[in-house]
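What follows is one structure encoded as structure tokens, with my remarks underneath.
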Amino acid sequence: MSHNIPDRVKRRVEDILSRYPRREAALLPVLSALQEERGFLSHSDEEWAADTLGIPPAKVREVVTFYSLFRRKPAGRHHLQVCTNVSCALNGADGLLSHLRKKLGIAEGETSADGRFSLSSVECLGHCDEAPCLMVNDEHYGRLDRRALDELLEKLE
Amino acid sequence: MNREDELFLTRDFGLDHLHRLETYVSRGGYRAAAKALKTMTPDAVLEEVKAANLRGRGGAGFPAGIKWGFVPRGTDALRYLCVNADEGEPGTFKDRFLMSHNPHLLLEGAILASYAVGIRTAYVYIRGEYESIARRLETAVSEARASGWLGDHIAGTGFGLEVFVHRGAGAYICGEETALLESLEGKRGHPRLKPPFPASIGLFRCPTVINNVETLCHIPGIIRHGAEAFLKRGLPRDGGTRIFSVSGAVARPGCYELPTGSSLRELIYERAGGVRDGRKLKAVIPGGLSAPMLTENEIDVRMDGDSLVEAGSMLGSGAVIVIDDETPMTLVLEKITKFYAHESCGQCTPCRVGTAWMARIAARLRAGRRRNGDVDTLHRLASGIKGRTLCPMGDAAALPVLALVAKFRDELERSS
């Protein structure tokens, strides 16, 4: 079966594998590298990871479904992950989240029809000094209010 | 500047480019590693850290030197260091602060710990959400390797160490040390039954030391200036400084480094600027979300492990979350319970079922749909989780709920 894994990913995986005495220990970083390529982990990605690391596909699925940063379906180009834990909630996180729901017309776990935005509420992101905060893909943004958030959305094509 | 000031981890954090090796070295960086590798035996390093009684800064507060001492000695058997950079306890952001400003300080701490214990491979397990910090660490590792501070023959000696940065993928439980090991082995983060402790059977079944970022950052100072100087800061048996992450309803949220045993009230009012917008203080979570909250009349307490236990709470990760008098406790309860329900790994029934059940009740209270007996049920569930799980997460989920119910029962009972 053809997995369509680009050579640059294969080279990266080789480098990752060299850091561990056991191949299966590389599973999390390998899955991250695969997800970076396509934005989510396909069934075929999971099979390729299982083959490459010499572990059963079920073990890969077990891990993919355990960690919240792994996705099994495509997300929008900009994945908005709003922290709703206590420090952010004390600084208006719930209001920001409902503002985003209304403005984008989607609920948590959904993607806008044009594929531009996905929305999630997440647990503490470790940026409580900048509460309320959110992550767009891998980037952190903090000290947000509705206006700052609107301005940020404008910039995200 | 007097000598002791060098024991403050954040001493040079105002400098530009401290994260670059050149700047770090110009401020005395890697001198402790050079001193230890060239003039001290591994045992002497271990004894110095033991004498400093450096208590772990990750949450449990266990002395680092004693932990290192548990690793079997006198063999050549493979052993590992895992740096716990999976900072996930809500309210905590001090390790992010340390690693982004001064990644080489952490690497120097890792070199010293590895030298003391006879370790040649270290993994930094960093939470997946800290992507830019992971890149900064990778850069620091490359710089250190290029300058001979990592790799074979460090500082021209026979000692060598490789450091690898390993990113997690979003799971609070992986901050628990045995879950971290499982995760690093490529599995779900399910905590292991202890014993055996990681010092005898850890990563890849080898003896393993697991230390928090802030803990390791203290080691270079202890080696350079000695245990005695370290103990002069802070308390006699709980020395050095702590970096407190202060957030919530305060005027100036941020990281504040103070001697261990400093006053919580001073930390909030003098450092963090007091409660925001002229509001009053209602409650404080003093040691990360898992720590039982204190009320206004309970905050004249010293910020050290023993004092907070005496006050009925814990120092945990040193994360202080301030709650103002306009915040309903049902909101806080809802957020606390939702967090643990989301993060329970599912291995132990009391935690898996209990946290989800507590979250459903809390959501009802928050929505004003309280049923008779809900608050009692919350109390019963939390009591049923406490002490009945494999790892400390059961207690972490139960204790804040028990404290909230005990201290704010009237308010919860009025919610409808």
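Within every chain, numbering begins at 1; the chains are lettered A, B, ... in the order of the sequence lines, protein sequences first and strands thereafter. FYI, side chains are in, hydrogens and waters are out, and symmetry mates aren't considered; it's all heavy atoms of this structure.
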Does A:Phe70 have its ring centroid less than 6.0 Å away from the ring centroid of A:Phe40? no
Please flag which part of A:Gln81 lies under 4.5 Å from any non-hydrogen atom of chain B: side chain, backbone, both or neither. neither
Measure B:Val320 against the heavy atoms of chain A and call it side chain, backbone, both or neither at under 4.5 Å. neither
In terms of heavy-atom proximity below 4.5 Å to chain A, should B:Phe164 be classed as side chain, backbone, both, or neither? side chain
Close aromatic pair by centroid cut-off 6.0 Å: B:Tyr172 and B:Phe339: yes
Part of B:Leu203 lying under 4.5 Å from any heavy atom of chain A: neither
Short N-O contact, B:Glu185 and B:Arg192, less than 4.0 angstrom: yes
Given heavy-atom pairs under 4.5 angstrom as the criterion, report whether the side chain, backbone, both or neither of B:Glu129 touches chain A. both
Using side-chain heavy atoms (C-beta onward) and a distance below 4.5 Å, is A:Ser118 in contact with A:His78? no
Evaluate side chain to side chain donor-acceptor pair (under 3.5 Å) for B:His101 paired with B:Thr10, printing each intermediate quantity in order. CA-CA 9 Å; B:His101 280 88; B:Thr10 57; over 6 Å; no
Got a second to check how far B:Asp325's CG is from B:Lys280's NZ, nearest 0.5 Å? 6.5 Å
Best-contacting candidate, B:Ala249, B:Gly254, B:Gly91, against chain A by heavy atom pairs under 4.5 angstrom: B:Gly91
Under 3.5 Å, is there a donor-acceptor pair between the side chain of B:Arg79 and the main chain of B:Gly202? no
Heavy-atom pair count under 4.5 Å with chain A, highest-scoring of B:Pro253, B:Ala319, B:Ala169, B:Gly170: B:Ala169
Which atoms of B:Glu343 are under 4.5 Å from chain A, going by heavy atoms: the side chain, the backbone, both sets, or neither? side chain
In Å and rounded to the nearest 0.5 Å, what is the CG to CG distance from A:Leu149 to A:Leu80? 7.5 Å
Between B:Val250, B:Ile285, B:Val246, B:Ile321, who has the most heavy-atom pairs with chain A when the cutoff is under 4.5 Å? B:Ile321
Check the pair A:Arg12, A:Glu36 against salt bridge (charged side-chain N to carboxylate O under 4.0 Å, His left out), reporting the backbone distance first and the verdict last. CA-CA 12 Å; A:Arg12 233 181 109 191; A:Glu36 250 171 57; 3.1 Å; yes
Under a 4.5 Å heavy-atom cut-off, does chain A meet the side chain of B:Arg188, its backbone, both or neither? both
Side chain from CB out, backbone as N, CA, C, O: work out which of these in B:Lys338 comes under 4.5 Å of a heavy atom of chain A, or both, or neither. both
Which atoms of B:Ser183 are under 4.5 Å from chain A, going by heavy atoms: the side chain, the backbone, both sets, or neither? both
Which of A:Leu27, A:Leu125, A:Val63 touches chain B most, by non-hydrogen pairs under 4.5 Å: A:Leu125
Counting heavy-atom pairs under 4.5 Å to chain A, which of B:Leu184, B:Thr121, B:Ile173, B:Asp95 comes out on top? B:Leu184
With a 4.5 angstrom heavy-atom cut-off, is it the side chain or the backbone of B:Arg127 that approaches chain A, or both, or neither? side chain
Relative to chain A, which of B:Arg252, B:Lys335, B:His342, B:Arg96 shows the most heavy atom pairs under 4.5 Å? B:Arg96
Honestly, the part of B:Ser132 sitting under 4.5 Å from a heavy atom of chain A is neither
Where on B:Val322 is there a heavy atom nearer than 4.5 Å to chain A: the side chain, the backbone, both, or neither? backbone
Proximity breakdown for B:Leu78 and chain A, heavy-atom pairs closer than 4.5 Å: neither
Determine, for A:Arg72 against A:Asp45, whether the closest basic-nitrogen to carboxylate-oxygen distance falls under 4.0 angstrom. no
So what's closer than 4.5 Å to chain A heavy atoms on B:Cys174: side chain, backbone, both or neither? side chain
A:Lys10/A:Glu14 salt bridge by N-O under 4.0 Å criterion: no
Fit a plane to each ring of A:His140 and A:His127, take the angle between them on a 0 to 90° scale, and name the class: parallel (under 30°), tilted (30 to 60°) or perpendicular (over 60°). parallel
